[in-house]
Amino acid sequence: MQPATERLLVVSAHAADFVWRAGGAIALYSSRGHRVRVLCLSYGERGESQGLWKKEGMTHDLVKRTRHDEATRAAEVLGAEIRCFDAGDYPLNVTNDLIDALVQEFRSFQPTAVLTHSSFDPYNSDHTEASRLTMNTRVYAQAMGYPSDHKHLGAPPLFYFEPHQSEMCGFKPDVILDITPVFETKIEAMHCMEAQVHLWNYYTDTAKRRGTQGGRNSGNPEIVYAEAFQRVYPQVTNILK
Ligand SMILES: [Zn+2]
C-alpha cells in the first residue's frame, strides 16, 4: 500500500456535483488513508434542488439547510472534509472574497491533485464559472507575490470530472479511474442526495459504462465501475505507460 501522502482537492459548484462526478475518486483516496477536501461553492438552491421545490411551503433558507445537511452527510460517507461557501447559484456569485478564499485553500491544503468541472457546460453556466474560478485560483496560488501566510503552490495536476452530458461539454475521457472497490460507498453517498433522486440511476449507469471502457482499455476484466476524467495539463513522466 502506498504511503498516505496524497491530498485531493475537489471544487464543486453545487451541493451534489462532487458526489455524482467524483464520489468514487474521493472514496478511493480516503479508503487509502489520503486526505480529501471538498469545496462546495453554493448549495444549488435555485437550479439543482428540484425535488425540494416540489414540496409545499418550501423556502430558500430551508432548501439551503437541507442541501447543506445532504452534502455534509455525503462527504462524511465518502471520508472527505467539506467547506461550504454559500456563494449563491443561478448565477454563482464570484466575488473577490471568494477568489481569495480559494487561493488560501490551495495554499494551506497544498493539494497533490485537483478535480473540478469541465471548462464549458452549455446547460449550466455555474459549472463553467466554477471551472474558470478553480483554474484561475490555482494559478494565483502559484504566484509567489500573492499575499498569504502559506507557501506558494507547486503544480498539482488539474482534472475535469465528467459533466452530465459529456459530448455537449466537449469532454474527452482521457483518464479512467477504477472505482470498483468503493462503488458501494459511492452509492451510499448518492443516496444522501434526496433532492435529486432522479440522478441515482443515471450515475450508476455512467459508472458501469465507464467501467466497461476501463476494462477494454486496460485488459483488466475486474474493472466493473469507473469514473472518467480529463487532464488539463500534460502528464509529466519518465516512462510511457
Ligand atoms: Zn451543479
Side-chain angles (χ1 to χ4, degrees), residues 8-26 36-54 58 60 62-75 77-78 80 82-95 98 101-102 105 114-137 158-171 173 186 189-207 210 227-230 232:
L8 184 66
L9 186 69
V10 184
V11 183
S12 178
H14 307 114
D17 293 325
F18 71 95
V19 177
W20 314 124
R21 311 195 168 114
I26 295 169
V36 185
R37 188 161 172 82
V38 175
L39 304 180
C40 191
L41 303 178
S42 85
Y43 293 119
E45 63 270 20
R46 292 181 177 176
E48 294 191 2
S49 301
Q50 299 87 321
L52 294 175
W53 284 114
K54 287 175 188 159
M58 193 48 65
H60 278 94
L62 187 52
V63 170
K64 288 206 283 190
R65 277 205 304 277
T66 307
R67 302 254 54 195
H68 178 91
D69 292 347
E70 289 182 355
T72 305
R73 270 206 319 278
V77 166
L78 296 170
I82 186 167
R83 177 179 174 188
C84 298
F85 289 85
D86 193 11
D89 75 324
Y90 284 34
L92 179 68
N93 191 13
V94 178
T95 61
L98 183 63
L102 257 72
E105 283 283 349
V114 183
L115 307 181
T116 194
H117 297 265
S118 55
S119 60
F120 175 62
D121 186 341
Y123 297 100
N124 195 317
S125 61
D126 289 357
H127 294 168
T128 308
E129 282 295 328
S131 180
R132 185 179 301 127
L133 176 67
T134 305
M135 184 175 291
N136 287 345
T137 51
L158 175 62
F159 300 88
Y160 296 146
F161 45 58
E162 179 155 14
H164 194 63
Q165 296 192 43
S166 311
E167 301 89 339
M168 298 304 297
C169 301
F171 177 82
K186 177 167 181 174
M190 289 200 290
H191 287 187
C192 295
M193 296 299 170
E194 291 175 12
Q196 292 170 289
V197 171
H198 60 291
L199 295 180
W200 296 358
N201 286 339
Y202 185 95
Y203 281 95
T204 300
D205 291 344
T206 300
R210 293 306 185 195
E227 281 173 348
F229 299 90
Q230 180 176 339
V232 177

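We count ligands from 1, going down the list as the structure has it; atoms in each ligand are counted the same way. Not measured: the values here are computed from a predicted model.
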| query | With a cut-off of 2.8 Å, does Asp126 place any N/O/S atom under that distance from the Zn ion (ligand 1)? | reply | no

| task | Over 60° means perpendicular and under 30° means parallel, so classify the ring planes of His164 and Tyr202, tilted if in between. | result | parallel

| query | Knowing that exactly one of Leu115, Val38, Leu39 qualifies, which makes a side-chain contact (heavy atoms from CB on, under 4.5 Å) with Phe18? | reply | Val38

| query | When you measure from the Zn ion (ligand 1) to each N, O or S atom of His14, which atom gives the shortest distance? | reply | ND1

| field | For Arg132, all residues meeting salt bridge (charged side-chain N to carboxylate O under 4.0 Å, His left out), sequence neighbours excluded | value | Glu129

| Just wondering, is there an N, O or S atom on His117 that's nearer than 2.8 Å to the Zn ion (ligand 1)? | no

N/O donor to acceptor pairs below 3.5 angstrom from side-chain atoms of residues 191-199, sequence neighbours left out:
residue, atom, partner, partner atom, Å
Gln196, OE1, Arg67, NH1, 3.1
Gln196, OE1, Arg67, NH2, 3.1

| field | Metal-centred angle, OE2 of Glu48 through the Zn ion (ligand 1) to OD2 of Asp17, rounded to 10 degrees | value | 170°

